Amino acid sequence: MSTNIAPAPGSSTIELALKIWRYDAETGEKELKRYEVEAPDWVTLLDVLDIIKDQQDGTLAYRKSCRMMICGSCGMRMDGAAVLACKTRMYDIAKSGHEPVISPMGNLPVLKDLVVNMDPFWGKIRSVKPWLDPGYDEVAEKERIVSQQQMNVIHKEALCIMCGCCVSECNSMESDPEFLGPAALAKGMRFVGDARDHDDVQRLNKYNEEHGIWDCTRCYFCNERCPKGVDPRDAIAKLGAESIKQGIDHDMGAKHAKWFVRSAMTTGWLREEELIPKTQGYISAIRQAKFALGLIKHGKVRPVPVPHVAERVGEARALYNLVKEQGRDGALGIVQGEHALGRIEFTEEAGARENAPEIQPGVEPPPAEG
Amino acid sequence: MALRRVAYYKGCLASLSAKELDSSTQALAPQVGLELVELQAVTCCGAGDIHEAEPDYYLHLNARILAYAEAAGCDTLLTICNVCTLNLRQANWQLKNDDALRQRVSDNLEHVGVPPYSGNVEVRHLLWEIAEGEGYELLKAAAHKGLKGLKVAPFYGCQILRPSKLLGFEDPDRPWSLERIIEACGGEAIDYPAKIKCCGFPIIAAREETALGELIQPIEQAKEAGADALVTPCPLCHLSLDAWQSKLKAATGKDFQMPILHLSQLVGVAAGLEESELKFKRHVVPVTPVLEKLEV
């Protein structure tokens with residue numbers, strides 16, 4: 001077969017098949033269509049879509065631009081997982097005989113085939129005020145130098161290409177579509193952590209509103225999916241830590257987090273029975289008396305909580321005081337671990353995989369919906 | 001058979017609201033080749049909350065747990081909770097791979113009377129210990145009573161799969177360990193899309209409505225797929241899936257009555273553990289239909 005993507009001299013071709021969810025929001029028609037392609041062995045998913053569009057079906061719709069992982073246009077799902085099509089090599093999949101299912105990203109309305117409406121995404125990005133506010137109008141005569149150390153704080157967040165892969169699988173956003181979500185909040189941290197920005201308190205107050213940082217359910221899909229290593233969940237944790245450092249702790253989520261600190265310092269173990277009253281307030285907790293009685297009946301909570309105190313808990317308290325004196329509060333406490341975490345990408349460590357059975361076919365993605 | 005000594009970190013929930021997880025784990029351990037050395041002078045791992053509120057303190061608290069595991073002469077710290085697993089593995093990775101950071105944290109530990117941590121402990125969840133290798137072989141032998149074809153929906157929860165660079169035991173999108181264990185015990189593993197999704201627990205106190213929107217998915221899908229019960233390796237998932245089902249009923253009118261089992265309970269039933277160890281009476285949603293089907 002002829003192809004406009006020619007194999008390089010000395011390279012070979014592969015044969016692969018994939019299924020694509022075709023969908024048209026105007027007619028509401030949807031269909032899972034199968035395609036077979038012969039292609040050079042180095043092709044990416046995006047190359048395969050190009051071949052299909054060029055040679056088999058010119059009506060196939062998807063976004064693309066740079067083809068080199070920097071424009072963020074070609075986010076889509078393969079076997080239910082959001083990927084950048086241009087970053088996804090097809091060789092191993094073709095050799096395994098697996099036929100992947102390609103579908104549009106989640107949490108965004110589908111317009112046609114693999115194209116989603118990004119308006120809600122951009123609306124959330126805009127709402128976090130994604131520009132630098134230095135707090136002055138006049139440009140000073142002398143250059144303001146920002147050190148590398150200061151920029152390291154936002155190094156990861158600055159890598160974001162706004163492709164939407166993190167948003168696609170955000171479990172909180174599936175349940176609360178108004179949640180600002182991982183991309184917008186990582187963008188927020190990119191400015192809160194910027195040494196040149198002077199608007200961090202106002203920003204943090206905004207991000208602490210109802211659909212903000214405390215909506216995050218810590219499912220870690222965003223870290224898993226991000227093709228650029230932004231780790232949006234960690235960015236959200238940094239915003240939480242910065243908020244609490246600044247005393248912005250009125251949200252129930254912040255109170256919940258602070259109760260764990262208080263518990264560790266005082267008894268070592270979580271003072272579980274007091275968690276809901278400390279999070280929601282006693283009046284709200286009393287309204288849940290019937291629910292609480294159900295838990296008491298099964299021994300989940302005790303009617304009279306007697307503190308469960310860890311041995312040598314004084315050490316945990318002394319550690320807290322010592323750590324606070326050393327002043328690595330807020331986002332810095334997370335940033336300090338990034339040097340080590342960055343090294344994971346380059347090693348095999350992480351975990352053992354011996355005796356792993358054959359990979360099972362992936363979870364079929366849900367049908368595309370408008 | 002010589003048992004392998006591992007430091008045992010049971011975490012907050014198994015100490016209190018999920019005591020049945022602790023008792024079933026302790027009873028099961030020798031059957032799968034483990035001698036549990038329970039750490040007494042340890043605290044909460046922070047459950048992601050201290051990481052978000054006071055991250056430097058989070059690192060020190062977890063370093064302290066690792067230090068006591070090392071001081072107990074163990075190279076493995078056994079966890080029975082997803083959230084403990086991620087928090088400890090994340091801190092451990094940072095301490096092992098940044099000498100300056102480990103030195104500072106270790107100095108601080110010594111300053112308050114804690115043994116220093118030199119980075120020689122691996123954090124492993126019980127699930128991983130029995131899903132492969134010797135633990136898996138022993139599990140197959142121990143599960144002599146079987147599960148009589150019980151249809152079990154595996155529910156992984158988040159923080160034993162993601163971020164995979166810190167957990168890394170299995171493909172986070174196509175995990176296999178729970179299925180393998182269910183089948184080794186004689187049960188039938190049910191497949192459904194939400195098995196790798198979130199139960200909503202971390203925000204169930206602060207954002208209950210959003211959390212319930214997550215919680216309903218695995219329960220509803222497992223029910224539709226014909227599951228008799230759902231099994232999870234995480235006590236936080238267990239608490240939300242079990243205790244908050246009544247709130248799902250109030251919010252949606254759907255009464256699923258889906259029994260939720262801890263991993264150690266599911267294996268424990270197949271291995272013939274007693275009710276005094278399994279403590280099913282501590283569940284909010286009755287496990288009775290499962291026990292009747294198994295003729296226990």
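Convention: sequence-line order gives letters A, B, ...; per-chain numbering from 1. Please read these numbers as outputs of a predicted model, since none were measured by experiment.
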Which atoms of L239(B) are under 4.5 Å from chain A, going by heavy atoms: the side chain, the backbone, both sets, or neither?
side chain
Looking just at side-chain N and O atoms, do N108(B) and Q326(A) make a donor-acceptor pair shorter than 3.5 Å?
yes
If the test is side chain to side chain contact (heavy atoms under 4.5 Å, CB included), which one of L167(B), L166(B), L86(B), L161(B) qualifies with Y220(A)?
L86(B)
Closest heavy-atom contact between A241(A) and P55(B)?
CB-CD, 3.7 Å
Structural part of Q159(B) lying under 4.5 Å from a heavy atom of chain A:
side chain
Chain A contact via I216(B) - which portion, at a heavy-atom distance below 4.5 Å
neither
Interface check, chain B: of V323(A), T217(A), I244(A), most non-hydrogen pairs under 4.5 Å belong to T217(A)
Heavy-atom pairs under 4.5 Å with chain B: which of Q336(A), R317(A), K324(A) has the most?
Q336(A)
Looking at Q280(A), K297(A), H339(A), E272(A), which one has more heavy-atom pairs under 4.5 Å with chain B than the rest?
E272(A)
For the backbone of E214(B) and the side chain of E174(A), can you confirm whether one donor and one acceptor N or O come within less than 3.5 Å of each other?
no
For A316(A), does its backbone N or O pair with a side-chain atom of Y57(B) as donor and acceptor, under 3.5 Å?
yes
Donor-acceptor pair, side chain of R207(B) and main chain of E210(A), under 3.5 angstrom:
yes
Relative to chain B, which of V313(A), I236(A), D251(A) shows the most heavy atom pairs under 4.5 Å?
D251(A)
What heavy-atom pair brings F221(A) and R162(B) nearest, and what distance separates the two atoms?
CZ-NH1, 3.1 Å
With salt bridge (Lys or Arg N to Asp or Glu O under 4.0 Å) as the test, pick out the partner of E52(B) among K258(A), R233(A), K238(A).
R233(A)
Tell me whether E54(B) is salt-bridged to R262(A), with the criterion being a basic N under 4.0 Å from an acidic carboxylate O.
no
Whatever's closer than 4.5 Å to a heavy atom in chain A on T210(B) counts as both
L101(B) CG to E338(A) CD distance, which is reported to the nearest 0.5 Å
12.0 Å
For each of T267(A), D329(A), V261(A), tally heavy-atom pairs with chain B at distances under 4.5 Å, and name the one with the top tally.
V261(A)
Can you say whether K197(B) sits under 4.5 Å from chain A via the side chain, the backbone, both, or neither, judging by heavy atoms?
both
With rounding to the nearest 0.5 Å, note down the distance linking OG1 in T279(A) to CD1 in I203(B).
12.5 Å
Counting only heavy atoms closer than 4.5 Å, note whether C222(A) contacts chain B via side chain, backbone, both or neither.
neither
Can you find a heavy atom in the side chain of R174(B) that is under 4.5 Å from one in the side chain of D79(A)?
yes
What do the steps show when you test I196(B) against E169(A) for side-chain contact (heavy atoms from CB on, under 4.5 Å), and what is the final call?
CA-CA 11 Å; I196(B) 59 168; E169(A) 265 108 277; over 6 Å; no
Could you tell me which of G46(B), S17(B), C44(B) has the largest number of non-hydrogen atom pairs under 4.5 Å with chain A?
S17(B)
Taking the side chain as every heavy atom from C-beta outward, state whether R218(A) and H51(B) have any pair of such atoms under 4.5 Å apart.
no
Residue among V114(B), L95(B), L109(B), V112(B) with most heavy-atom pairs under 4.5 Å to chain A:
V112(B)
Of the listed residues (Y9(B), F201(B), Y136(B)), which shares the most heavy-atom pairs with chain A below a 4.5 Å separation?
Y9(B)
Tightest non-hydrogen contact, residues F260(A) and A47(B), listed as CE2-CB, 3.5 Å
Nearest 0.5 Å, please: how far is CG in D234(A) from CD in Q90(B)?
6.0 Å
Where on Q288(A) is there a heavy atom nearer than 4.5 Å to chain B: the side chain, the backbone, both, or neither?
side chain
Close approach to chain A in residues 58-65 of chain B, criterion heavy atom under 4.5 Å:
L59(B), H60(B), L61(B), R64(B)
Counting only non-hydrogen atoms closer than 4.5 Å, does K247(B) touch chain A with its backbone (N, CA, C, O), its side chain (CB onward), both, or neither?
side chain
Please state whether the side chain, the backbone, both or neither of E179(B) comes within less than 4.5 Å of a heavy atom of chain A.
neither
Best-contacting candidate, A53(B), C45(B), G200(B), against chain A by heavy atom pairs under 4.5 angstrom
A53(B)
Side chain N223(A), main chain P163(B), donor-acceptor under 3.5 Å:
no
Between H308(A) and S15(B), which heavy-atom pair has the shortest distance, and what is it?
CE1-CB, 3.3 Å
Measuring heavy-atom distances to chain B, does L270(A) have an atom under 4.5 Å in its side chain, in its backbone, in both, or in neither?
both
Once rounded to the nearest 0.5 Å, what's the spacing between atom CG of L212(B) and atom OG of S175(A)?
8.0 Å
So, the part of A81(A) with a heavy atom under 4.5 Å from chain B: the answer is side chain
Provide the closest heavy-atom pair for K300(A) versus D242(B) in the form atom of the first, atom of the second, distance.
CE-OD2, 4.1 Å
For chain B, find which of A257(A), G333(A), G240(A) contributes the most heavy-atom pairs closer than 4.5 angstrom.
A257(A)
In short, A206(B) meets M252(A) closest at the heavy-atom pair O-CE, 3.3 Å
Is there a donor in the side chain of E315(A) and an acceptor in the side chain of Y68(B), or the other way round, less than 3.5 Å apart?
yes
Quick check on H256(A) against chain B: is it the side chain, the backbone, both or neither that has a heavy atom closer than 4.5 Å?
both
Tell me, side chain or backbone of V83(B) under 4.5 Å from chain A's heavy atoms, or both, or neither?
neither
Y320(A) portion near chain B, given a 4.5 angstrom heavy-atom threshold
both
To the nearest 0.5 Å, atom CH2 of W269(A) lies from atom CG of L13(B) at 10.5 Å
Do you know which of L39(B), V105(B), I204(B), D56(B) has the most heavy-atom pairs with chain A at a distance under 4.5 angstrom?
D56(B)
Do R302(A) and L16(B) have side-chain heavy atoms sitting under 4.5 Å apart?
yes
Checking heavy atoms, do the side chain of R271(A), its backbone, both or neither come under 4.5 Å from chain B?
neither
Look at atom CD of E134(B) and say whether more than 12 heavy atoms of other residues, nucleotides or ligands are closer to it than 6.0 Å.
no
Examine whether an atom of H111(B) lies under 4.5 Å from a heavy atom of chain A, and if so say whether it belongs to the side chain, the backbone or both; otherwise answer neither.
side chain
